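Structure, as structure tokens:
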Amino acid sequence: MFYYHLGLMGTSFMVLFTGGFIARYEKRQRWWLRAHRGLACTGVILAMAGFAAMFLGKEGGHFRTPHAWLGAVVLLMVFVTPVLGNLSFVMKGKAATLRTIHRWSGRATLTLMAVNLLSGLFLAGIL
């Protein structure tokens, strides 16, 4: 299950990174928001599947390493970030504030996800 976890989380990171890249650099295109949302949903599903693969495949105790704890924080942020983005369309009066928080949350999520990917590779002895 380790390779499923690695593959799903790595793919989730790449998909979410692509979604962030589109939001940052392709806003002049008419399709940017649809692509951004679709990639975000796909990235969340992949991250959930990666977490499930780790949880099902791990024998013994969970959350014994900093990698596992950071992974839990990253998974929470992977859920919260799209919610903030969608709330900016629902709560029109707070849209500007929510968009700013959504942007910074997305950046923090991708940064922490990259750090956690590297720590997992180090923990597995790959790096």
Side-chain angles (χ1 to χ4, degrees):
M1 286 303 242
F2 166 75
Y3 291 107
Y4 289 116
H5 174 68
L6 175 64
L8 289 165
M9 293 310 254
T11 305
S12 174
F13 174 75
M14 290 187 288
V15 167
L16 291 171
F17 183 85
T18 303
F21 183 88
I22 287 172
R24 175 65 178 92
Y25 295 107
E26 297 295 333
K27 280 194 178 172
R28 294 182 187 205
Q29 306 298 325
R30 295 180 69 186
W31 48 264
W32 82 268
L33 184 58
R34 187 174 301 131
H36 178 67
R37 281 181 164 172
L39 288 167
C41 288
T42 304
V44 168
I45 291 167
L46 288 167
M48 288 175 15
F51 177 80
M54 176 280 309
F55 201 79
L56 295 173
K58 187 145 181 137
E59 297 172 11
H62 300 282
F63 300 105
R64 290 188 177 184
T65 64
H67 168 76
W69 285 101
L70 183 57
V73 170
V74 167
L75 190 65
L76 177 66
M77 291 180 73
V78 162
F79 281 113
V80 169
T81 302
V83 169
L84 290 167
N86 285 317
L87 280 176
S88 70
F89 291 101
V90 176
M91 302 173 70
K92 303 278 187 197
K94 299 190 184 284
T97 302
L98 286 169
R99 256 193 308 274
T100 300
I101 296 169
H102 169 69
R103 286 180 187 132
W104 282 104
S105 178
R107 292 171 186 147
T109 300
L110 287 172
T111 301
L112 290 175
M113 199 172 200
V115 167
N116 207 36
L117 281 167
L118 291 173
S119 76
L121 292 172
F122 182 76
L123 188 64
I126 295 172
L127 287 181

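Model, not experiment: these values are computed from the prediction.
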ask   = If we only count heavy atoms from C-beta on, is the F55 to M1 side-chain gap below 4.5 Å?
value = no

query = Between N86 and P82, is there a donor-acceptor pair closer than 3.5 Å when you use the side chain of the first and the backbone of the second?
reply = yes

request  = Heavy atoms only: give me the nearest L8-A53 pair and the separation to one decimal.
outcome  = CD1-CB, 4.4 Å

task = Measure the CG-CE distance between L84 and M77 for me, rounded to the nearest 0.5 Å.
result = 9.5 Å

Over 12 foreign heavy atoms within 6.0 Å of CZ, R107 = yes

request  = Looking only at non-hydrogen atoms, find the nearest pair between G43 and V15 and report the distance.
outcome  = N-CG1, 3.7 Å

note = Scanning both residues in full, the closest heavy-atom pair of S88 with A95 reads O-CB, 3.3 Å

task = Ignoring hydrogens and angles, tell me if any N or O in the side chain of K92 forms a donor-acceptor pair with the backbone of F89 under 3.5 Å.
result = yes

inquiry  = Let me confirm one number: the OG1-NZ distance from T100 to K94, rounded to the nearest 0.5 Å.
reply    = 13.0 Å

key: hydrophobic_cluster_shared for L121 and V115, side chain cutoff 4.5 Å   = no

inquiry  = Side chains of N116 and L112, heavy atoms from C-beta outward: is any pair under 4.5 Å?
reply    = no

task = Give the minimum heavy-atom separation between H5 and F51, together with the two atoms involved.
result = ND1-N, 4.4 Å

message = Once rounded to the nearest 0.5 Å, what's the spacing between atom CG of L70 and atom CE of M113?
response = 10.5 Å

key: F2 CZ: over 12 foreign heavy atoms closer than 6.0 Å   = yes

message = Under 4.5 Å between side-chain heavy atoms, counting indirect links through other Ile/Leu/Val/Met/Phe/Trp/Tyr residues: same cluster for L117 and V44 or not?
response = yes

note = Hits for side chain to side chain donor-acceptor pair (under 3.5 Å) against H36, two or more places apart or cross-chain, chain-then-number order -> none

query = Between OG1 of T81 and CG of L16, what distance do you get to the nearest 0.5 Å?
reply = 9.0 Å

task = Provide the closest heavy-atom pair for A47 versus V78 in the form atom of the first, atom of the second, distance.
result = CB-CG1, 4.1 Å

ask   = Does a sphere of radius 6.0 Å around CE in M91 hold more than 12 heavy atoms from other residues, nucleotides or ligands, not counting ones at 6.0 Å or beyond?
value = no

note = Closest non-hydrogen contact found for M9 with G50 is SD-CA, 3.8 Å

inquiry  = If I take atom CG from residue L33 and atom CD1 from residue I22, how far apart are they, to the nearest 0.5 angstrom?
reply    = 11.0 Å

task = State the NE2-CG distance between H67 and L118, to the nearest 0.5 angstrom.
result = 10.5 Å

message = Quick check: is L98 connected to V83 through a chain of hydrophobic side chains (ILVMFWY, heavy atoms under 4.5 Å apart)?
response = yes

